[in-house]
Amino acid sequence: MSDALIAQLRQQIAQQGPIPLESVMGQAVQAYYAQGTAFGRDGDFITAPEISQTFGEILGLWAAVVWQGMGMPGEVILAEAGPGRGTLMADVLRAAAAVPPFAQAIRVHLVETSPSLRAAQKKALAPSGVAVCWHDRCDSLPDGPLILLGNEFIDALPIEQWERGPEGWHLRCVDWDDSAQGFCFVRGPSADQVGRDLARFGAPFDPASTKALPAGTIAELCPQGLAFAEQMGRRLVAQGGAALLIDYGPAESAPGDSLQALKGHKYFPPLEELGSVDLTAHVDFARLCQAARGVGAQARGPVTQGRFLSGLGIEARAKLLMRKATPAQALELNRGVHRLINSSEMGTLFKVIALTDPICPPPPGFEASVAP
Ligand code: SAH
C-alpha cells in the first residue's frame, strides 16, 4: 500500500468523516498510475495492445476508414484517452502509414495524467517521428474533426457505489477501522442528504425498481464516465468525428458490486492495498450510450470485442504477419489473437462502442448494430 496515500486518506477521514468511494478510488488510481509500472506480463495486468500488435493495427485501419467517411479532412486530431505505455498508438500509426493521405492528416494528441506513463509514451512513439501533444483532460483537446480511441480508459475512472438501505439509496463511503488497522466500507449519507436525484438514471434507481430490491443491494454509477460521454458527444455533434471505446463490462446496466483490484495478475480485496493495486470497475455501456445520445450524438454498440475484431479481419492480419514469422513468433501471434477474440477469454467480456456525430456513416464493425 502506498504510505503517502494512506496518510492522506486517514487525515481526510479524521477531519471530515468517511469519504465517498469515488474520491478514494480517484486518488488511488492516480497514485497507482503515477508509479507507471502496471502493464505487461511482469506488471499487474495485461491489456489488448500489449497482447498483440494486431489489435492496434486493426484500430489504425478502422480510424483510416472513419476518416474517409468524414470526407478526408486535411487535418484530423487522432487522440487517445489513457494511452498506457503508448503501445496502441505506436501500432495505430504504423498501420496508418499504409494510407499516406491519412497519415499526413493526423495530429496526435494523448490524454494522460501520469507523468511516468507520459515518459513511456514519448519513448514508444519516438520511432514514428510523429509530433505528439499531451493533455490532462479530454476537454482541452484542440478544436477540429476528431478520432478518439480509448482502450480500458473508462474502467479506470472512479465510480460511486450506492447501497439500498431500508428507506432508499445511500452513498457507499470508506472509513478507517482502528482495530483492524485498515480501510473498510460504511453506509454513508442518503441520496437526499447529498442532494442527488438518482431516479433520473432509471433502473435500478427509479422508485419502482428500488422497491423491488432487497436492502444491501449495491448499484454503481460512474459520474466522470458519463460526463466524458456527454462532453465527447457534444463535441462530436459540433465538430465532427468519432470516438471508439473498448472496455469490459455487461451490455445491459444491472445492479451489483463490480469494483476489483488486481496485483500481479491476482485479485485482491479492493481496499487492502490502495494505491499499489489496479482498481477498476465494470463499464456501463448502456448508460454511456444514453448519455451521448442525450446530447444529440449517435451511439452504436456495444458489440463484443471478438465480433468487432473478427469482423475487421484480425485473423487475416495475423496470417499475413505469420508469413514472415519464426515458429515461436507464429505461436505467439496465434495465442494473442485467440486471447483477444475467444469468448472464454477477452472476446465477450470486452465490448466496443462508437460515439459519432449524427451524419457520420456507421463506422466499420458497427454496420449491423441498431442506430437509435
Ligand atoms: N489504454 C492503455 C492503458 C489502460 S490503463 C492500454 O490499453 O494498455 C488506463 C490509462 O488511463 C493509464 O494510462 C492511466 O494513467 C490513464 N488514466 C487513468 N485515469 C485517468 C484520467 N482521469 N485522465 C487521464 N488519464 C487517465
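Counting starts at 1 for both ligands and their atoms, in listed order.
- Ligand 1 has a nitrogen or oxygen under 3.5 angstrom from a nitrogen or oxygen of T47.
- Close N/O approach between L157 and ligand 1 is not found [any backbone or side-chain N/O within under 3.5 Å].
- Contacts between L117 and ligand 1 below 4.0 angstrom, taking non-hydrogen atoms only, involve the side chain exclusively.
- Residue contacts with ligand 1 for R137 are absent, since no atom lies close enough (heavy atoms, distance under 4.0 Å).
- Heavy-atom proximity to T113, at under 4.0 Å, picks out these atoms of ligand 1: 20 (C), 21 (C), 23 (N), 24 (C), 25 (N), 26 (C).
- Less than 4.0 angstrom separates some heavy atom of G82 from each of these atoms of ligand 1: 1 (N), 2 (C), 3 (C), 4 (C), 10 (C), 11 (O), 13 (O), 16 (C).
- Between F102 and W67, the ring planes are tilted. Angles from 30° to 60° get that label.
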### Task
Step by step, work out the side-chain hydrogen bond (donor to acceptor under 3.5 Å, both in side chains) result for D192 and S190.
CA-CA 5 Å; D192 281 347; S190 70; 5.2 Å; no
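- Residue contacts with ligand 1: Q121 is placed with no nitrogen or oxygen under 3.5 Å of a nitrogen or oxygen of the ligand (distance criterion only).
- With hydrogens left out, the protein atom closest to atom 4 (C) of ligand 1 is E152 O, 3.4 Å, a heavy atom.
- Put simply, the side chain of R187 never gets that close to the backbone of G165: no donor and acceptor are under 3.5 Å apart.
- In the vicinity of G84, heavy-atom distances shorter than 4.0 Å reach the ligand 1 atoms 2 (C), 3 (C), 13 (O).
- Closest of all the heavy-atom pairs between A242 and T356 is CB-CG2, 3.7 Å.
- Residue contacts with ligand 1 leave out R85, since none of its heavy atoms falls under 4.0 Å from the ligand.
- Nearest protein heavy-atom contact of atom 15 (O) of ligand 1 is E112 OE2, 2.5 Å.
- The shortest N or O to N or O distance between N151 and ligand 1 is below 3.5 Å.
- Listed by first and then second residue, the ring-ring contact (aromatic ring centres under 6.0 Å, His included) pairs that reach into residues 270-301 are Y248-H282, sequence neighbours excluded.
- Shown here are the salt bridge (Lys or Arg N to Asp or Glu O under 4.0 Å) partners of E332, two or more places apart in sequence or in another chain: R41.
- Considering backbone and side-chain N/O atoms, A81 never comes within less than 3.5 Å of an N/O atom of ligand 1.
- Side-chain contact between L61 and L312 is absent, with no heavy-atom pair separated by less than 4.5 Å.
- Of all protein heavy atoms, the one closest to atom 19 (N) of ligand 1 is Q30 NE2, 3.6 Å.
- Among protein heavy atoms, atom 5 (S) of ligand 1 sits closest to Y33 OH, 3.3 Å.
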### Task
Apply side-chain hydrogen bond (donor to acceptor under 3.5 Å, both in side chains) to the pair E220 and S258, showing each step before the final yes or no.
CA-CA 8 Å; E220 298 174 339; S258 78; 2.7 Å; yes
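- The aromatic rings of F366 and F308 sit tilted relative to each other, their planes meeting at an angle between 30° and 60°.
- Counting only heavy atoms from C-beta outward, the side chains of L148 and L141 approach each other to under 4.5 Å.
- If you number the atoms of ligand 1 from 1 as listed, the ones under 4.0 Å from a heavy atom of P49 come out as 6 (C), 7 (O), 8 (O).
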